[in-house]
Amino acid sequence: MDSLNSKQHISSYIIHSQEEEIKRIALELHEGVGQNLYSIFTGLQFIESGAKELPMKNYVREMSQLIEKTIQEIRLLSVELHPPTLTTLGLLPAIKSYIKLYTSTFGILVDLDSIGEEKWISEKNRITVFRVCQEALANIAKYADTSNVNINFFWSEKDLKITIDDFGKGFHPDGQDNINSSYGLAAMKERMLLTGGQCHISSKIGEGTSIVLSLPLVSRE
């Protein structure tokens, strides 16, 4: 038992350290790199307005459009790494925000429903559940071959249950068809165990995959 607790403590420490680094990188992308590129963008617009030769004017405009596209990509990457809403507004708004980005990127429609009154969740557990949902959606985009996903949040006084159903092609849960996917599923289960929760995954060929997450809720102190 002591060995198991020690392993869980080390895993929890590693994940927490990784999340702090991810948050730092996301902030640097948005506040540092993003702001610097925006300064370059406004400078190019000024140069374009003063350019008299048409070839030069067109060239500067093309460079401005490229910088503008890059700024947008950096903003999206920053949100994907660590949504600001996850810290400020909570888990459900962060999931909703990520779904918009997910749908615009992969073209997969996600129906999200929340039943019951939303409860407070510690930031550590918010991040964990968000990452597990993010990994589940990433796996769906890569392997499920589907155009629709249903996500349901069920809130009770004692716990939060989340179901994710993809209606895709499914897979053999005990198979080794894709090593990367297997590692991702194992990581999802381990993350939930560290919160005191659970992650159950079931799948049938031709019928899709169902993921059920459960997270015990504690009173806010």
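No experiment lies behind these values; they were computed from the predicted model shown.
- There is a path of hydrophobic side-chain contacts, each under 4.5 Å, that joins Leu44 to Ile71.
- Contact between Ile162 and Cys133 at its shortest, heavy atoms only, is CD1-SG, 4.3 Å.
- For the pair Ile74 and Val33, the minimum side-chain heavy-atom distance is below 4.5 Å.
- In this structure, the side chain to side chain contact (heavy atoms under 4.5 Å, CB included) partners of Lys57, at least two apart in sequence or on a different chain, are Glu48, Ala51, Arg61.
- The shortest heavy-atom contact between Phe153 and Ile95 is CZ-CG1, 4.1 Å.
- Ile40 and Met56 fall within the same hydrophobic cluster, defined by Ile, Leu, Val, Met, Phe, Trp and Tyr side-chain heavy atoms under 4.5 Å apart, directly or through other members.
- Separation of atoms CG (Leu160) and OG1 (Thr195) is listed at 10.0 Å; rounding is to 0.5 Å.
- Residue pairs meeting the ring pair (Phe, Tyr, Trp, His ring centres under 6.0 Å) criterion with at least one member in residues 40-72: none, sequence neighbours excluded.
- The two residues Leu213 and Ile211 make their nearest non-hydrogen contact at CD2-CG2, 3.8 Å.
- Across Ala136 and Ile164, no two heavy atoms sit closer than the pair CB-CD1, 3.9 Å.
- Note that OG of Ser210 and CZ of Phe167 are 8.5 Å apart. Values are rounded to the nearest 0.5 Å.
- For residues 151-171, the set of pairs meeting the salt bridge (charged side-chain N to carboxylate O under 4.0 Å, His left out) definition, not counting sequence neighbours, comprises Lys119-Glu157.
- Expressed to the nearest 0.5 Å, how far OH of Tyr102 lies from OG of Ser97 amounts to 15.0 Å.
- Expressed to the nearest 0.5 Å, how far CD of Glu207 lies from CD1 of Ile205 amounts to 10.0 Å.
- Scanning all heavy atoms of the two residues, the minimum distance from Cys199 to Lys189 falls at O-CG, 3.7 Å.
- Annotation: side chain of Phe171 is in contact with side chain of Ile201 (closest heavy-atom distance under 4.5 Å).
- Rounding to the nearest 0.5 Å gives a distance of 11.5 Å between CD of Gln65 and CD1 of Ile67.
- You'll find the side chain of Ile151 stays beyond 4.5 Å of the side chain of Thr163, heavy atoms only.
- For the pair Thr209 (side chain) and Gly170 (backbone), a donor-acceptor distance under 3.5 Å is absent.
- One N or O on the side chain of Arg126 and one on the backbone of Thr87 form a donor-acceptor pair closer than 3.5 Å.
- Closest of all the heavy-atom pairs between Leu217 and Trp120 is CD2-O, 4.4 Å.
- Side-chain atoms of Ser214 never come within 3.5 Å of backbone atoms of Gly197 as a donor-acceptor pair (strictly under, hydrogens ignored).
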Which side-chain N or O atoms in residues 104-112 pair as donor and acceptor under 3.5 Å with protein atoms at least two apart or in another chain?
from   : atom 1 : to     : atom 2 : distance (Å)
Ser104 : OG     : Lys100 : O      : 3.3
Ser104 : OG     : Leu101 : O      : 2.8
Thr105 : OG1    : Leu101 : O      : 2.8

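- To the nearest 0.5 Å, atom CD of residue Glu190 and atom CG of residue Leu193 are 7.5 Å apart.
- Residues passing the side chain to side chain contact (heavy atoms under 4.5 Å, CB included) test with Leu89, sequence neighbours excluded: Thr85, Pro93.
- Side-chain contact between Met188 and Asn139: present, with at least one pair of heavy atoms (C-beta onward) separated by less than 4.5 Å.
- As a member of the Ile/Leu/Val/Met/Phe/Trp/Tyr network built from side-chain separations under 4.5 Å, Ile115 groups with Phe154.
- By the 4.5 Å heavy-atom criterion applied to side chains, Trp155 and Glu118 are counted as neighbours.
- Side-chain contact check for Val129 versus Ile121: every heavy-atom pair is 4.5 Å or farther apart.
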